[in-house]
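Bear in mind that the values here come from a model prediction, so they are computed numbers and not experimental data.
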Amino acid sequence: MARTLVFGHRGASAYAPQNTLPSFQLALDQQVDGIEFDVHLSSDGIPVVFHDFVLDHLTDGTGLIHEKSLADLKQLDAGGKFGAQFAGVRIPTLAEVFELVGDRVILNVEIKSRHQQASRLIGEVIHQFGLQSQVIVSSFDLDTLSLARQAMPDIAIGVLHEAILSDEHLKLIEAIRPQALHPYYQLLFHNTDYVTTYLNSAFQVNTWTVNDPAHAQKLQQLGVNAVMTDYPDLIRAALV
Ligand code: G3P
Ligand code: MG
C-alpha cells in the first residue's frame, strides 16, 4: 500500500499562526509532502496568503482583506492572536511563501478570492517562480477554477467540495479538466459510492482536514493520495 501524502493545512497550523511563514517553516520541519494555503488579493492586486475574507478574527485589523492595499496589510499583526511568541508575524504574499518553500514540496494554492483577475495574477506569480509542476490550484468555486484553467493551461487543478458531486456539477467540472478532487474527508466514510467511483478513477483524491490519526489510517487504507492536516507531525507518524 502506497503511503498517503501529508499536506500541512495552512502550514502546521495547530502549532503556529495559520498561513504564515513560521507555520510553513514548521510544516517543512515536520517533513510534510505538501502545504496547503489560501490566497486572496490585496486592493492593489497582490496575491496574499490568508484564509478569511475579513481581517478581524486572525489579525489586529478590521474589515475586508480585498479592500486593503498590500502596504496596509503589512502593518497588521497576524501572529499575536495565536500566541504572544508570534506577535508581529505578518501576512505573507504568495511570492514570499514561494521564496521560503520553493520546489521542496507540493504547493496546494487554494484560491479564496472571487476577483475576476485572481487566477491570472496568481498564475503570473506561479510562472514567475517556475513552480507549475509543483502546484495544485484548488477552489470550491467552479467559475474561479474555469478562470484558473484559462490562465494556467499547464497546471494541476483540484475541485474542492463538501457534498457529493451531482451529475450537473460533474458536467461543469469536465471542461475544467481537473487532475484531483479535494473532498471533505467525512464524505469518504459515509458514502461508499464515492469511494468506489473516485478512488478507482483517474482523479487523485486529496482530503481535508484530517486531524485524527485513526481517520488518516482509514483514509490511507481506502487509497487516498493525500490528507491535509493541522498536525503534520502526528499524522505523518501515523502513516507508515
Ligand atoms: O483546501 C482544503 C481546505 O483548506 C478547504 O477549506 O476553509 O480550510 O480553506 P478551508
Ligand atoms: Mg484552505
Side-chain angles (χ1 to χ4, degrees), residues 6-115 118 121-122 125-126 129 131 134-139 160 208-212 227-237:
V6 176
F7 292 1
H9 181 244
R10 313 180 196 170
S13 58
Y15 307 107
Q18 58 172 270
N19 284 319
T20 64
L21 297 184
S23 186
F24 298 129
Q25 181 59 59
L26 196 54
L28 294 174
D29 296 345
Q30 294 183 359
Q31 310 290 319
V32 292
D33 303 290
I35 55 168
E36 184 270 358
F37 50 89
D38 308 288
V39 183
H40 285 273
L41 291 186
S42 63
S43 64
D44 42 350
I46 310 295
V48 289
V49 175
F50 196 75
H51 180 270
D52 295 357
F53 285 77
V54 293
L55 295 159
D56 307 49
H57 307 302
L58 295 168
T59 75
D60 57 350
T62 56
L64 292 163
I65 188 164
H66 71 259
E67 290 182 350
K68 310 281 184 199
S69 67
L70 180 62
D72 287 343
L73 292 174
K74 282 293 185 187
Q75 301 298 316
L76 303 179
D77 179 351
K81 282 198 169 161
F82 186 89
Q85 73 274 36
F86 294 104
V89 166
R90 301 293 162 195
I91 294 172
T93 61
L94 179 60
E96 286 166 346
V97 173
F98 286 166
E99 266 159 28
L100 174 73
V101 181
D103 63 0
R104 285 186 277 175
V105 298
I106 297 164
L107 299 152
N108 181 186
V109 178
E110 182 186 346
I111 306 182
K112 288 285 189 215
S113 169
R114 296 292 176 259
H115 195 286
L121 292 166
I122 290 166
V125 182
I126 294 169
F129 280 81
L131 288 170
Q134 288 304 117
V135 164
I136 306 173
V137 168
S138 64
S139 179
L160 275 163
W208 49 276
T209 302
V210 184
N211 289 335
D212 179 336
V227 291
M228 303 179 210
T229 178
D230 302 330
Y231 297 84
D233 55 346
L234 294 186
I235 298 302
R236 192 138 201 329

Practice problem: Please test Phe37 against Asn108 for side chain to side chain contact (heavy atoms under 4.5 Å, CB included), starting from the C-alpha separation and ending with a verdict. | Solution: CA-CA 6 Å; Phe37 50 89; Asn108 181 186; over 6 Å; no
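- The shortest non-hydrogen separation linking Asp230 to Ser13 is OD1-OG, 3.0 Å.
- Applying the salt bridge (Lys or Arg N to Asp or Glu O under 4.0 Å) test to residues at least two apart or on different chains, the pairs with a partner in residues 84-102 are Lys74-Glu96.
- In this structure, Lys112 NZ and Ser138 OG are separated by 8.0 Å, a value rounded to the nearest 0.5 Å.
- Under the 4.5 Å side-chain criterion, counting only non-hydrogen atoms from C-beta, Trp208 is not in contact with Val227.
- The shortest heavy-atom contact between Asp77 and Ala87 is OD2-CA, 3.8 Å.
- Atom CG of Leu94 sits about 8.5 Å away from atom CG of Leu107, to the nearest 0.5 Å.
- The minimum heavy-atom distance linking Gly61 with Leu76 is given by the pair CA-CD2, 3.7 Å.
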Exercise. Give the C-alpha distance, both sets of side-chain angles, the deciding distance and a yes or no for side-chain hydrogen bond (donor to acceptor under 3.5 Å, both in side chains) between Thr62 and Asp56.
Key: CA-CA 5 Å; Thr62 56; Asp56 307 49; 5.0 Å; no
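- In this structure, CG on Asp72 lies 10.5 Å from CD1 on Ile91, to the nearest 0.5 angstrom.
- Asp60 places none of its side-chain heavy atoms less than 4.5 Å from the side chain of Leu55.
- A distance of 13.0 Å separates CZ of Phe24 from CZ of Arg104, quoted to the nearest 0.5 Å.
- Under the rule for a side-chain hydrogen bond (donor to acceptor under 3.5 Å, both in side chains), Asp103 has no partner lying at least two apart in sequence or in another chain.
- In this structure Thr229 satisfies the side-chain hydrogen bond (donor to acceptor under 3.5 Å, both in side chains) test together with Asn211, sequence neighbours excluded.
- Listed by first and then second residue, the salt bridge (Lys or Arg N to Asp or Glu O under 4.0 Å) pairs involving residues 18-37 are Arg3-Asp33 (not counting sequence neighbours).
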Anything under 3.5 Å between a donor and an acceptor, one on a side chain of residues 42-53, the other on a protein residue two or more places apart or in another chain? List them.
residue, atom, partner, partner atom, Å
Ser42, OG, Asp44, OD1, 2.7
Ser42, OG, Ile46, N, 3.0
Ser42, OG, Ile46, O, 3.4
Ser43, OG, Lys68, O, 3.2
Ser43, OG, Ser69, N, 3.1
Asp44, OD1, Leu70, N, 2.9
His51, NE2, Arg10, NH2, 3.2

Quiz prompt | Worked verdict on Ser23 versus His9 for side chain to side chain contact (heavy atoms under 4.5 Å, CB included) | solution = CA-CA 9 Å; Ser23 186; His9 181 244; over 6 Å; no
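- Note that CD of Gln25 is 11.0 Å distant from CD of Gln30, once rounded to the nearest 0.5 Å.
- Within the 4.5 Å cutoff, side-chain heavy atoms of Leu64 are placed close to those of Val54.
- For the residue pair Gly79 and Pro17, the shortest heavy atom distance occurs at CA-CG, 3.8 Å.
- Here Phe82 contributes atom CZ and Tyr15 contributes atom OH; the two are 10.0 Å apart, rounded to the nearest 0.5 Å.
- Taking the side chain as every heavy atom from C-beta outward, Ile111 and Ile122 approach each other to under 4.5 Å.
- A pairwise comparison of heavy atoms in Pro232 and Gly8 identifies CG-CA, 4.0 Å as the closest pair.
- Partners of Val105 by side-chain contact (heavy atoms from CB on, under 4.5 Å), not counting sequence neighbours, listed by chain and number: Leu28, Val32, Ile35, Val101.
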Practice problem: Begin from the C-alpha positions of Phe86 and Thr20 and carry the test side chain to side chain contact (heavy atoms under 4.5 Å, CB included) through to its verdict. | Solution: CA-CA 10 Å; Phe86 294 104; Thr20 64; over 6 Å; no
